[in-house]
Amino acid sequence: MAHQESAAVTTKGKADGKPVTFTYHRHANANDSELSWEQDAAPVRRLAAQDIVAVLHKRVQEADDLTVLYVENTVPDDKKEQVPGALETLVATKLPQPFSHDFLLPRDAYWQTHQAHAPGHPALHILVSVKSGTGKALDVWEHMLCPMLYELEASDYMLHLTTSENSVTDLTRDTFLPQANLGVAQTVILLSGDGGMADLVNAILSEKRSKSYKKPTIVLLPLGTGNALANSAGIAADNTMGLRTLLHGSPKELPLFRATFSPGARLLVNELRDERPLQKLNGTPVIHGAVVCSWGLHASLVADSDSSKYRKFGAERFPMAAKDLLYPADGAMPHPYKGRVSVLRPSTEGKGDDWEPIDRETHGYVLATLVSQLEKGFTISPMSRPLDGKLRLVHFGPLSGKGAMDVMTKAYDGGKHATDERVGYEEVEGVKIHFEEEEARWRRVCVDGKIVQVEAGGWVALKSGIEGVVDLVVGP
Ligand SMILES: Nc1ncnc2c1ncn2[C@@H]1O[C@H](COP(=O)(O)OP(=O)(O)OP(=O)(O)O)[C@@H](O)[C@H]1O
């Protein structure tokens with residue numbers, strides 16, 4: 001879909017059987033392009049490029065008919081909370097050639113070659129995480145994905161709706177993993193946030209994989225709150241809820257890190273009220289992640305905002321909880337987090353496995369990530385490229401509420417915090433933290449949105465470069 005020039009091309013054709021004049025305004029920035037059509041006295045219809053899912057060779061009446069799939073986002077304001085959009089079709093005859101060139105489904109796209117009538121096509125699963133984000137995943141299935149599969153004549157799939165916080169884990173352990181171990185190719189369209197992906201990956205890594213293990217291919221439709229993975233991998237760059245990436249993209253291995261914890265670490269669930277044991281690897285508690293591992297302000301923010309009180313506000317829940325942490329009610333400074341942090345830098349000739357301490361006894365923010373954005377526009381790691389597998393550390397010492405806000409504001413401004421002298425930012429292979437906090441709430445670690453409570457005197461050690469277990473479909 002890459003193109004440089006900015007031009008308009010006009011053709012005479014038909015839209016849904018009625019004679020019209022099509023105009024395609026093609027812009028250097030593909031998402032600014034627009035298709036419009038005029039029919040005598042009727043008002044001009046406009047279709048923004050960012051709403052277009054794909055153009056299909058689907059003959060309806062005339063030999064040169066094409067079917068345009070697009071997302072209608074003009075939902076009345078009072079319905080916006082419930083319906084994020086709906087899939088619509090336009091049967092078009094004689095579309096401007098540059099338009100069809102830009103949006104026709106590529107013949108070699110993963111979807112084309114692996115789905116529908118392709119021989120030996122993978123088992124197709126649709127997994128709807130109904131409580132992710134503000135709870136719109138089911139609407140997206142009903143109004144967008146299901147109608148699209150109908151248009152694509154893809155009816156051979158299994159639909160799964162989550163019924164509990166364990167649904168993704170259970171389904172992966174009982175279905176995806178055993179099939180993958182038998183070498184069966186599977187595509188999973190996952191309507192969720194980062195947590196759904198984390199559950200899936202951790203369930204796979206909780207058991208042994210066979211020699212014939214075949215990585216499932218995951219198509220992620222961004223239905224969470226932060227959608228860090230989707231925003232960083234370009235899946236959420238248009239208005240189609242990931243449908244365009246589903247049809248045009250191709251699979252690439254999802255890089256992972258492993259966080260290993262001291263023996264007393266526990267996963268906090270049920271709005272932090274209950275504890276669960278972590279998975280064990282060689283007797284040691286572990287969690288794997290694809291997005292972020294943090295301690296300090298970020299982890300406290302995720303933990304404090306993980307309640308139904310805040311969740312209903314979507315991504316707004318973070319700034320709301322941030323206010324309480326940055327400007328404590330007693331007028332004190334934000335909490336200085338006490339502990340020893342050391343890093344393992346990418347190995348260079350002559351340097352071994354040397355962990356180097358960060359020269360500071362207290363900290364404000366310690367965050368390691370594999371992605372560039374933690375939510376749309378919050379560019380925590382501006383050097384990160386989609387699925388580059390590089391772990392990057394962002395850290396700073398205790399700052400005033402205003403100082404920390406200042407740094408965060410720069411992160412929202414294209415990642416300018418990365419060059420702020422108060423902030424450390426570098427590529428690392430590992431991070432270790434030994435906690436020296438008395439109070440439990442300051443010993444909470446965030447891994448891909450999950451919260452781990454570490455015991456007094458405990459530690460966490462993070463390593464990148466873990467062998468991937470799934471592929472993620474990303475844009476061309
Ligand atoms: N039917 C359900 N009942 C109870 N819990 C559910 C159900 N469906 C999903 N969940 C839970 O809701 C949470 C949703 O997490 P997810 O990461 O997908 O969304 P998010 O936290 O809103 O987004 P993000 O991680 O992108 O910020 C998960 O913990 C998941 O287990």
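All values derive from a computational prediction rather than experimental measurement. Both counts, for ligands and for their atoms, begin at 1 and track the order of listing.
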| request: Would you mind finding which of E165, E375, K131, K450 brings a heavy atom closest to atom 31 (O) of ligand 1? | output: E165
| task | Establish whether atom 28 (C) of ligand 1 and some protein heavy atom are separated by less than 4.0 angstrom. | result | no
| Distance-only polar pair, side chains of E455 and S262, donor-acceptor under 3.5 Å | yes
| field | Shortest protein contact, atom 17 (O) of ligand 1 (heavy atom only) | value | G195 N, 2.6 Å
| said: Whether the H335 and R441 side chains hold a donor-acceptor pair (N or O, under 3.5 Å, no angle test) is what I'd like checked. | reply: no
| query | What do you reckon, are the aromatic ring centroids of W295 and Y337 less than 6.0 Å apart? | reply | yes
| request: Evaluate the side-chain contact (heavy atoms from CB on, under 4.5 Å) criterion for residues V469 and Y213: first the C-alpha distance (whole Å), next the side-chain angles of each, then the deciding distance (0.1 Å), finally the verdict. | output: CA-CA 9 Å; V469 291; Y213 177 79; 3.8 Å; yes
| query | Would K432 count as a cation-pi partner of W459, with NZ or CZ less than 6.0 Å from the six-membered ring centre and within 45° of the ring normal? | reply | no
| Strictly by modelled atom types, are Y412 and T379 linked by a side-chain donor-acceptor pair under 3.5 Å? | no
| remark: atom 3 (N) of ligand 1 has as its nearest protein heavy atom S164 CA, 3.4 Å
| Exercise: do T284 and N282 side chains pair donor with acceptor under 3.5 Å | no
| note | Taking only non-hydrogen atoms of T162 and a 4.0 Å limit, the atoms of ligand 1 in range are 1 (N), 2 (C), 7 (C), 8 (N), 9 (C)
| Rounded to the nearest 0.5 Å, what separation is found between the CZ atom of R258 and the OG atom of S464? | 11.0 Å
| Taking non-hydrogen atoms only, is L161 closer than 4.0 angstrom to ligand 1 via side chain, backbone, both or neither? | neither
| query | What atoms of ligand 1 come within less than 4.0 Å of a heavy atom belonging to V130? | reply | 1 (N), 8 (N)
| Is the closest protein non-hydrogen atom to atom 7 (C) of ligand 1 under 4.0 Å? | yes
| query | For ligand 1, is there an N or O atom under 3.5 Å from any N or O atom of G226? | reply | yes
| query | Of all the non-hydrogen atoms in the protein, which one sits nearest to atom 23 (O) of ligand 1, and at what distance? | reply | T225 N, 2.8 Å
| query | What atoms of ligand 1 come closer than 4.0 angstrom to any heavy atom of T163? | reply | 1 (N), 2 (C), 3 (N)
| note | Nearest non-hydrogen protein atom to atom 9 (C) of ligand 1, with distance, is S129 OG, 3.2 Å
| request: Specify the protein heavy atom at minimum distance from atom 21 (O) of ligand 1: its residue, its atom name, and the distance to 0.1 Å. | output: R311 NH2, 3.2 Å
| query | Counting heavy atoms only, which part of S132 comes closer than 4.0 Å to ligand 1: side chain, backbone, both or neither? | reply | both
| message | I need the atoms of ligand 1 closer than 4.0 Å to a non-hydrogen atom of G133, numbered in the order shown. | response | 19 (O), 20 (P), 22 (O)
| Ring centroid separation H125 to H160 under 6.0 Å | yes
| So which heavy atom in the protein is nearest atom 25 (O) of ligand 1, and how far is it from that ligand atom? | D194 N, 3.3 Å
| field | Point-to-point distance, once rounded to the nearest 0.5 Å, from CG of L297 to SG of C446 | value | 11.5 Å
| message | Among R345, K390, R392, exactly one meets salt bridge (charged side-chain N to carboxylate O under 4.0 Å, His left out) together with E426. Which residue is that? | response | R345
| Shortest protein heavy-atom distance from atom 26 (O) of ligand 1, along with the residue and atom involved | N227 N, 2.9 Å
